[in-house]
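Below is one structure; the comments refer to it alone.
Naming convention: chains lettered A, B, ... in sequence-line order (proteins, then strands); numbering from 1 in each chain.
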There are 2 protein chains.
Amino acid sequence: MQVTTKTVIPHSSEECRHSIRAVHDAMYVLGGKWKISIVACLLFGAKRYSDILREVEGISGKMLSRELKEMEVNFLVKRTVGKSQPVMVSYELTEYGESVKPVIATLANWGQIHRQCVAKR
Amino acid sequence: MQVTTKTVIPHSSEECRHSIRAVHDAMYVLGGKWKISIVACLLFGAKRYSDILREVEGISGKMLSRELKEMEVNFLVKRTVGKSQPVMVSYELTEYGESVKPVIATLANWGQIHRQCVAKR
DNA sequence: TTTTGTGGTTACCTGCATGTTACTATTACT
DNA sequence: AGTAATAGTAACATGCAGGTAACCACAAAA
């Protein structure tokens, strides 16, 4: 007796694909090793290049400027150049960038739970 | 007049770092190009290898089996081998895996909003 | 006029994450 | 006996993400 191909999937694979696509879209903009961390960092207020460099541990200057540029293009952050002194550039989230907050929050929350789970082996 | 180094950061950088760390932990387990999509896919029920291959568009067989293996190790999915016919292996989320649901949901939700934003230029 | 600090950019290099292709074992159907 | 499907694995190839280090421009301070 041959089992048909479809035994195990009685789900709405439409819904499934739709959901996957949405996730994929999100990851396209927020993907990469650093963007989410940068947003998380900027959620606490506007910061200067060197501040972010310090607070997002491990990121290199090159990657920071690259990611920030991308995020500016995607309207997630706003770049403001102060009128000289030793230059001073500050970055802050746009309103749109702020809309990522729930994502970060949920992720951070799960991250904490995960860390606890791993801790008890 | 020289501006001091700390003008732009009056925030709790403790909170900030903590949040970034949590996000980082989460991304460590859910990172990579495919894991989140796979979880999203399995949220709609247990599926067989070839079903996931079909529904997560773009993934290669190699990557699928590799990611599934990692996720099994991390207790996110459970692998069940059916008693033969043409073999039949099904994958489903563990309870722990289900706990990722809010993350996916928030991400998918933001993904949709983002798509709309991009659509109107 | 030389040095210092900020905010970068550029060239160069490397490795890992991923893709591609071929191959396997098992069973069932024809 | 030969073919097809399922669930992989192994060998090989490759591109791009990311790191490192050097350099630039500008202003202020020494």
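Looking at the side chain of Arg48(B), the nearest of the listed nucleotides dA7(D), dT9(C), dG8(C) is dA7(D).
Rounded to whole Å, atom P of dT6(D) lies 16 Å from atom CZ of Arg79(B). Atom pair Leu64(A):CG and dG8(C):C1' shows a separation of 10 Å (rounding to whole Å applied). Between Asp51(A) atom CG and dT6(C) atom C1' there is a gap of 11 Å when expressed in whole angstrom units. In this structure, Tyr49(B) atom OH and dG8(D) atom P are separated by 6 Å, rounded to whole Å. Between Glu72(A) atom CD and dG8(C) atom C1' the separation is 13 Å, expressed in whole Å. Taking atom CG of residue Leu53(A) and atom P of nucleotide dT6(C), one finds them 11 Å apart after rounding to whole Å. Taking atom CE of Met88(B) as the reference point, atom P of dT27(C) lies 15 Å away to the nearest angstrom. As rounded to whole Å, 14 Å separates atom P of dG18(D) from atom CG of Leu68(A).
In this structure, Tyr49(B) and Gly61(B) approach most closely via the heavy-atom pair OH-O, 3.0 Å. Contact record, Gly111(B) with Asp25(A): O-CB, 4.2 Å, taken as the closest heavy-atom pair.
Comment: Glu57(B) does not engage Arg21(A) in a salt bridge, judged by the lack of any side-chain N to carboxylate O separation of less than 4.0 angstrom.
The phosphate of dA5(D) (OP1 or OP2) has no side-chain N or O of Ser50(B) nearer than 4.0 angstrom.
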Walk along nucleotides 14-21 of chain C from 5' to 3' and tag each nucleotide B, S or - by protein heavy-atom contact under 4.0 Å, base first, then sugar-phosphate. ----BBB-

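Pairs engaging residues 68-80 of chain A under the side chain to side chain donor-acceptor pair (under 3.5 Å) rule: Lys35(A)-Glu70(A) [sequence neighbours left out].
His114(B) NE2: more than 12 foreign heavy atoms inside a 6.0 Å radius.
Legend: residues meeting side chain to side chain donor-acceptor pair (under 3.5 Å) with Thr106(B), ordered by chain and number and at least two apart, are Thr106(A).
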